[in-house]
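The next block holds one structure in the form of C-alpha cells; read it before the comments.
Any value given below was found using the heavy atoms of this structure, including those in side chains, with hydrogens, waters and symmetry copies removed. Along the sequence shown, residues carry numbers from 1.
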Amino acid sequence: EVQLVESGGGLVQAGKSLRLSCAASGFTFDDYGIGWFRQAPGKEREGVSCISTSDGRTYYGDSVKGRFTISSDNAKNTVYLQMNSLKPEDTAVYYCAASLWGCTYDDLGSIYSGMDYWGKGTLITVSS
C-alpha cells in the first residue's frame, strides 16, 4: 500500500521557519519525483516544490523561491521542505505527492501537479 505521510505543520509567526517531512512507503522511492503542493482556503492548489529523488534536481514555485528548500533522504524514504521567512500568505494545507514521471514544469511555468499519489496534508498557519 502506497503511503505518503506529512508531518511538521502547525502555527508559526511570520518571519519564522518550519520544516515539513514526507515519509513515503509502498513504492520504489528512488524512481519517483516527490513534490509539495499547497491549497489555501478559496484558492486553487499551487505547486510549491518538487525533487527528483534519482538525481536531486529541484523545482520551485515562484512564490517560494529563495525561501523554501526541498531535500530528500533516500535512505529514509523521506522528503523535507525547509520553509524560512514564512509569510501569512503561506498559510495553507500542504500536501506531499509522488509521480513516477518525476518533476517538471507545466506550460505556464508552474510545477506540474499530475502526480500519482497524494498524502492527506498538513495545515500550516502563519500569523502576522
Tell me the closest heavy-atom pair linking [X] and [Y], and the distance in Å.
X     : Y      : result
Gly33 : Cys50  : C-SG, 4.4 Å
Ser17 : Gln82  : CB-NE2, 3.8 Å
Lys43 : Gln39  : O-NE2, 3.1 Å
Pro88 : Ser128 : CG-CB, 3.9 Å
Asp30 : Ser54  : O-CB, 3.4 Å

same_hphob_cluster([X], [Y]) at 4.5 Å side-chain heavy-atom cutoff:
X     : Y      : result
Met83 : Tyr95  : no
Leu86 : Val64  : yes
Tyr60 : Met115 : no
Val2  : Val5   : no
Phe27 : Leu100 : yes

Nearest 0.5 Å please: distance from the SG atom of Cys103 over to the CG atom of Asp55. 9.0 Å
Just verifying a value: how many Å separate Asn84 CG and Arg19 CZ, rounded to the nearest 0.5 Å?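 Asn84 CG to Arg19 CZ: 11.5 Å, rounded to 0.5 Å.
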Check: [Y] and [X] side chains under 4.5 Å, non-hydrogen atoms:
X      : Y      : value
Phe68  : Ile70  : no
Val48  : Ile111 : no
Ser113 : Phe37  : yes
Tyr105 : Tyr112 : no
Cys22  : Trp36  : yes
Ile51  : Val79  : yes

Please name all residues satisfying salt bridge (Lys or Arg N to Asp or Glu O under 4.0 Å) with Arg67, sequence neighbours left out, ordered by chain then number. Asp90
Within 45° of the six-membered ring axis of Tyr94 and under 6.0 Å from that ring's centre, is NZ or CZ of Arg38 located there? no
Holding to ring pair (Phe, Tyr, Trp, His ring centres under 6.0 Å), I want the full list of residues that pass it with Trp101, two or more places apart in sequence or in another chain.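 Expected list: none.
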[X]: which residues meet the side chain to side chain donor-acceptor pair (under 3.5 Å) condition with it, sequence neighbours left out?
X     : result
Asn77 : none
Asp62 : Lys65
Ser72 : Asn74
Tyr32 : none

When Leu20, Ile34, Leu18 are each screened for side-chain contact (heavy atoms from CB on, under 4.5 Å) with Leu81, the one that passes is Leu20
Might you work through the side chain to side chain contact (heavy atoms under 4.5 Å, CB included) test for Val12 and Thr125, ending with a clear yes or no? CA-CA 6 Å; Val12 64; Thr125 303; over 6 Å; no
Within the side chain of Thr91, is there an N or O that forms a donor-acceptor pair under 3.5 Å with the backbone of Val126?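 Yes; judged by distance alone, with no hydrogens or angles, the pair exists.
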Any chance you could lay out the side chain to side chain donor-acceptor pair (under 3.5 Å) test for Asp73 and Thr78, step after step, and finish with the verdict? CA-CA 5 Å; Asp73 185 335; Thr78 301; over 6 Å; no
State, without any angle test, whether Ser63 and Glu46 hold a side-chain donor-acceptor pair at a distance under 3.5 Å.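 Ser63 vs Glu46: donor-acceptor pair found between side chains.
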Assess the residue pair Gln3 and Tyr117 against the criterion (side chain to side chain contact (heavy atoms under 4.5 Å, CB included)); give the C-alpha distance rounded to whole Å, side-chain angles, the decisive distance to 0.1 Å, and a yes or no. CA-CA 8 Å; Gln3 283 193 318; Tyr117 305 111; over 6 Å; no
